[in-house]
Enquirer: 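The structure follows.
Chain letters run A, B, ... following the sequence lines, proteins first and then strands; every chain starts at 1. Everything numeric in this text was worked out from a predicted model, so none of it was measured.
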Amino acid sequence: MRIPYRPFAIGLVALAFSAIVFDRAQAGDRHFFAPVTDPVVKEECGSCHLAFAPAMLPARSWQRMMGELDKHFGDNASIDAATAGKITRYLVANAGDAGGQRYSRKLLKGVAAGAAPQRITELPKWVSEHRKVPDWEWRHKDVRTRANCVACHTAAEQGDYDE
Amino acid sequence: MKNMLVVTAGIVAMILSTATLAGPREDLLAQYAAAAKSAGFSAVRGQALHMQNFSAGKPDTPSCTTCHGKDTRGVGRTLAGKTVEPVAVSAAPTRYTDPAKVEKWFKRNCTEVLGRECTPQEKGDWLTFVIGQ
């Protein structure tokens, strides 16, 4: 009996093709960073700037930041101790190295084990991901600062940082 | 029946008017007045404070209007790109009803713009200004 290998071959090709497509589709959400859901954190960390996703920095970064709120990137952003404690616990629990954060591992690549980086925009991976953005775009009146993610990533508030 | 309606309407109106008289904004103004030992607050002075340029604060925020914008009924924008609710009560009716929040932002924003905390007189004037806007 002759084995009808042709249907198998076609099937295999189709399977390989759909595997590639599926992989692409999955890769589409590779820039997802779960947004802040806690209302207190949203209010306290999201009034002046986007409430940055806790998964974008390791726990030790958040701990350091919350301990230096009186010198918060040039502003005195001090809040009462109880609120600060609550926010710190949330940020640490959802930090990029807290586990279960699929996309943080990539973003935090190249950060030294003991380092507590404070600016997401200075992470080596962040810098390389944005290397093609020209200077004039950063200076645009609707952008002005690298911390203004939503200027380009319009769905950043929802956690989506695809282009 | 008609009389009943009139009486009910009257009671409702009375409740509403006391509510506006003793709302959280009015309580705040009373507190500021007591602290300032003030003869009264002025929306005109509040507006002047709002528009004025200061040099003792942070150079990138010389004025309230840097972030809040010149139009009190329009939204503002922080330096990091966040939208700020209009300061005018007519455009943002829930504003200034949480005293702790009001105090928090007076402290932060006055420090940044004026380089010092605002006085109770200044707070009262400014609040009077935006309540009337």
Enquirer: Does one hydrophobic cluster hold both A/F73 and A/F52, with members joined at side-chain heavy-atom distances below 4.5 Å?
Expert: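 Yes, one cluster joins them.
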Enquirer: When clusters are formed by joining ILVMFWY residues with side-chain heavy atoms under 4.5 Å apart, either directly or through shared neighbours, do A/V143 and A/V133 land in the same one?
Expert: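 A/V143 and A/V133: one cluster.
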Enquirer: Can you tell me which portion of A/S47 sits under 4.5 Å from chain B's heavy atoms? Options are side chain, backbone, both or neither.
Expert: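 For A/S47, heavy atoms of backbone and side chain both lie under 4.5 Å from chain B.
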Enquirer: Might you point out which heavy atoms bring A/H49 and B/A80 nearest each other, and give the distance in Å?
Expert: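 Reported closest heavy-atom pair: CB-CB, 3.7 Å.
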Enquirer: With chain B, which of A/C48, A/A151, A/A147 has the greatest number of heavy-atom pairs at distances under 4.5 Å?
Expert: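 Maximum pair count with chain B is reached by A/C48.
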Enquirer: Shortest non-hydrogen contact from A/K141 to B/R77?
Expert: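 So the two residues come closest at O-NH1, 3.7 Å.
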Enquirer: Can you tell me if B/R116 has over 12 outside heavy atoms packed within less than 6.0 Å of its CZ?
Expert: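 More than 12 heavy atoms, drawn from other residues, nucleotides or ligands, come within 6.0 Å of this atom.
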Enquirer: Chain A: which of B/T111, B/T61, B/T78 shares the most heavy-atom pairs with it under 4.5 Å?
Expert: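 Looking at each of B/T111, B/T61, B/T78 in turn, B/T78 comes out on top.
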Enquirer: Spell out, yes or no, whether B/V113 and B/M51 are grouped together once hydrophobic residues are joined by side-chain heavy atoms under 4.5 Å, including indirect joins.
Expert: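 No, it is not one cluster - the side chains of B/V113 and B/M51 are not joined through contacts under 4.5 Å.
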Enquirer: Quick one: what part of B/K107 sits under 4.5 Å from any heavy atom of chain A, side chain, backbone, both or neither?
Expert: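 No part of it gets close to chain A.
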Enquirer: Would you say B/V84 ends up clustered with B/F106 if hydrophobic residues are merged whenever their side chains have heavy atoms under 4.5 Å apart, either directly or through other cluster members?
Expert: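 No, B/F106 and B/V84 fall in different hydrophobic clusters.
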Enquirer: Please find the pair of heavy atoms, one from A/T145 and one from B/L79, that lie closest to each other, and give the distance.
Expert: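 Heavy atoms only, the tightest pair is CG2-O, 3.3 Å.
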Enquirer: Can a donor-acceptor pair be found, under 3.5 Å and without considering hydrogens, that links the side chain of B/R108 to the backbone of A/D75?
Expert: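 Not at all, since once roles are kept as given, no pair shorter than 3.5 Å links the two residues.
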Enquirer: Are B/W105 and B/L28 connected in the hydrophobic side-chain network, where two residues link if heavy atoms are under 4.5 Å apart?
Expert: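 Cluster IDs for B/W105 and B/L28 differ.
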